[in-house]
Amino acid sequence: MEKVLKTERNNLHANPRLHNIYGHVTEILELRAEKPSLQVLFIPGNPGIVSFYKDYVVAVYESLDRKATVTAIGHIAHTLEDWENGRLFSLQEQIQHKKEYVKEELLPQRIPILLVSYMIGIYPFLTMNRDSPWQSLLTKSAGSQIVSVGVSSFAALVGLFPTWFHQGLIRTLLGRSWSSDAVHVACTYLLRYSMVRNFTFMGMTEFKKLQENLDWAFIKEKENRMAFLFGVDDHWGPLSLLEEVSHNASGVNLTIEKEGHTHAFCCTKAGSIWVANHTMDVIRKHVLAS
């Protein structure tokens with residue numbers, strides 16, 4: 001199954017589409033090169049809505065002179081329509097979904113693959129920030145089915161109100177600096193019962209998993225092939241984690257963003273372009289130079 005929706009960005013046509021992966025209808029945002037020398041695969045955080053990353057995907061594609069295929073793959077059931085008929089999916093099921101995509105569709109192409117992941121997308125390389133009161137609150141809330149159903153029902157109820165009300169609420173609650181495109185995506189996706197139920201359920205399973213210790217042996221083994229980007233005041237990826245990674249795997253490339261972009265970088269064009277440029281710097285230094 002495939003449904004193409006063409007959206008123009010800087011004279012490019014990004015192609016968000018529905019694609020059947022591992023038996024599940026998935027939203028994918030992709031820009032293809034004619035003869036790609038590299039495949040860049042982007043995995044979002046939670047919620048895994050690829051439409052948030054249009055500016056980022058286009059910027060990476062342009063930075064690579066359109067010679068690499070850049071793909072953002074969404075999470076199961078983090079879609080505009082409820083293709084899964086109310087079924088909920090755990091973190092582990094989302095991981096298996098991405099592994100199947102790589103195995104079935106990318107590896108047969110026999111070109112290098114660069115994995116770019118955002119927050120939970122880079123599991124198992126992150127642990128929960130136990131000092132963050134916001135994360136602690138979300139852990140408790142996500143673990144309650146009553147709270148999850150209540151939040152999802154409230155979101156669906158708000159979705160019945162006029163568009164101007166949605167947009168004002170989203171800007172007030174989530175970010176006044178967000179781009180109009182990001183606000184539109186949030187209003188379109190995050191005010192649907194099935195969508196909210198799935199990302200809160202995934203949140204419950206991810207918070208449980210992220211309390212486990214990191215596999216330092218694996219990270220140490222692959223340290224020369226890894227790079228991490230942290231924010232100065234990002235409680236989702238605190239600088240204490242950077243120090244921990246530096247101590248246990250000194251060969252990992254570590255960078256701190258100091259330009260003032262927030263955790264939700266994809267919700268502003270400036271943030272998307274800055275992170276895309278950083279991605280390109282990493283590619284030049286550690287992929288193209290090798």
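Computed from a predicted structure; not experimentally measured.
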Undergrad: Take Val149 and Arg197, measure what side chain to side chain contact (heavy atoms under 4.5 Å, CB included) needs, and give me the verdict at the end.
TA: CA-CA 7 Å; Val149 170; Arg197 277 288 280 146; 3.9 Å; yes
Undergrad: Using modelled atom types and a 3.5 Å cut-off, is there a donor and acceptor pairing between side-chain atoms of Thr205 and backbone atoms of Leu91?
TA: yes
Undergrad: Short question: side chain of Asn198, backbone of Arg87 - any donor-acceptor pair under 3.5 Å?
TA: yes
Undergrad: Working to the nearest 0.5 angstrom, can you tell me the gap between Glu105 CD and Ile21 CD1?
TA: 5.5 Å
Undergrad: Using side-chain heavy atoms (C-beta onward) and a distance below 4.5 Å, is Tyr189 in contact with Phe52?
TA: no
Undergrad: If I compare all heavy atoms of Phe201 with all of Phe89, which pair ends up nearest, and what's the gap?
TA: CD2-O, 3.4 Å
Undergrad: Does a side-chain heavy-atom distance below 4.5 Å link Phe199 with Leu190?
TA: yes
Undergrad: Over 60° means perpendicular and under 30° means parallel, so classify the ring planes of His78 and His75, tilted if in between.
TA: perpendicular
Undergrad: Between the main-chain N or O of Thr71 and the side-chain N or O of Tyr61, is there a donor-acceptor pair closer than 3.5 Å?
TA: no
Undergrad: Looking only at heavy atoms, what is the nearest atom pair of Val252 and Phe228, with distance?
TA: CG1-CD1, 3.1 Å
Undergrad: If I compare all heavy atoms of Gly168 with all of Thr172, which pair ends up nearest, and what's the gap?
TA: O-OG1, 2.8 Å
Undergrad: Report whether Ile273 and Val57 are members of the same hydrophobic cluster (ILVMFWY, side-chain heavy atoms less than 4.5 Å apart, transitive linking).
TA: no
Undergrad: Give a yes or no on whether the backbone of Ser246 and the side-chain of Ser250 come within a donor-acceptor separation of less than 3.5 Å.
TA: no
Undergrad: Would a single hydrophobic cluster contain both Ile283 and Leu229, if residues Ile, Leu, Val, Met, Phe, Trp and Tyr are joined by side-chain heavy-atom contacts under 4.5 Å?
TA: yes
Undergrad: Rounded to the nearest 0.5 Å, what separation is found between the CD atom of Gln94 and the OH atom of Tyr22?
TA: 12.0 Å
Undergrad: Leu107 versus Ile113: any side-chain heavy-atom pair under 4.5 Å?
TA: yes
Undergrad: Would you find a donor on one side and an acceptor on the other, under 3.5 Å apart, between the side chain of Arg192 and the backbone of Glu81?
TA: no
Undergrad: With a 4.5 Å limit on heavy-atom distance, are the side chains of Ile76 and Trp83 in contact?
TA: no
Undergrad: Taking the side chain as every heavy atom from C-beta outward, state whether Leu29 and Lys54 have any atom pair closer than 4.5 Å.
TA: yes
Undergrad: Salt bridge (charged side-chain N to carboxylate O under 4.0 Å, His left out) with Glu100: which residues, sequence neighbours excluded?
TA: Lys103
Undergrad: Mark yes or no for whether Glu27, through its side chain, and Leu80, through its backbone, hold a donor-acceptor pair below 3.5 Å.
TA: yes
Undergrad: So, do Ile28 and Tyr101 sit near enough that their side-chain heavy atoms are less than 4.5 Å apart?
TA: yes
Undergrad: Is any side-chain heavy atom of Val275 closer than 4.5 Å to one of His261?
TA: no
Undergrad: What is the minimum heavy-atom distance between Val116 and Thr279, and which atoms define it?
TA: CG2-CG2, 4.1 Å
Undergrad: Any chance you could lay out the side chain to side chain contact (heavy atoms under 4.5 Å, CB included) test for Trp178 and His184, step after step, and finish with the verdict?
TA: CA-CA 10 Å; Trp178 282 19; His184 174 73; over 6 Å; no
Undergrad: Can you tell me how far OH of Tyr56 sits from CZ of Phe42, rounded to the nearest 0.5 angstrom?
TA: 6.0 Å
Undergrad: Considering only heavy atoms from C-beta outward, does the side chain of Ile49 approach that of Met195 to under 4.5 Å?
TA: yes
Undergrad: Enumerate the residue pairs fulfilling side-chain hydrogen bond (donor to acceptor under 3.5 Å, both in side chains) with a member in residues 157-167, sequence neighbours excluded, ordered by first and then second residue.
TA: none
Undergrad: Show the nearest heavy-atom pair for residues Tyr193 and Ser153, with the distance to one decimal.
TA: CE1-OG, 3.5 Å
Undergrad: Any idea which heavy atoms bring Thr26 and Gly74 closest together, and the distance?
TA: CG2-O, 3.3 Å
Undergrad: Quick check for you: to the nearest 0.5 Å, what is the distance between Leu114 atom CG and Gln39 atom CD?
TA: 9.5 Å
Undergrad: Would the distance check show the side chain of Glu62 and the main-chain N or O of Asp65 forming a donor-acceptor pair, the cut-off being under 3.5 Å?
TA: no
Undergrad: Working to the nearest 0.5 angstrom, can you tell me the gap between Ser194 OG and Asn85 CG?
TA: 9.5 Å
Undergrad: Side-chain donor-acceptor pair under 3.5 Å between Glu30 and Thr69, yes or no?
TA: no
Undergrad: Please round to the nearest 0.5 Å and tell me the distance separating atom CD of Glu243 and atom CG of Asn248.
TA: 12.0 Å
Undergrad: Check whether Ile111 and Leu38 end up in the same hydrophobic cluster, where Ile, Leu, Val, Met, Phe, Trp and Tyr are linked by side-chain heavy atoms less than 4.5 Å apart.
TA: no
Undergrad: Atom NZ of residue position Lys99 - does it have more than 12 heavy atoms of other residues, nucleotides or ligands inside 6.0 Å?
TA: no
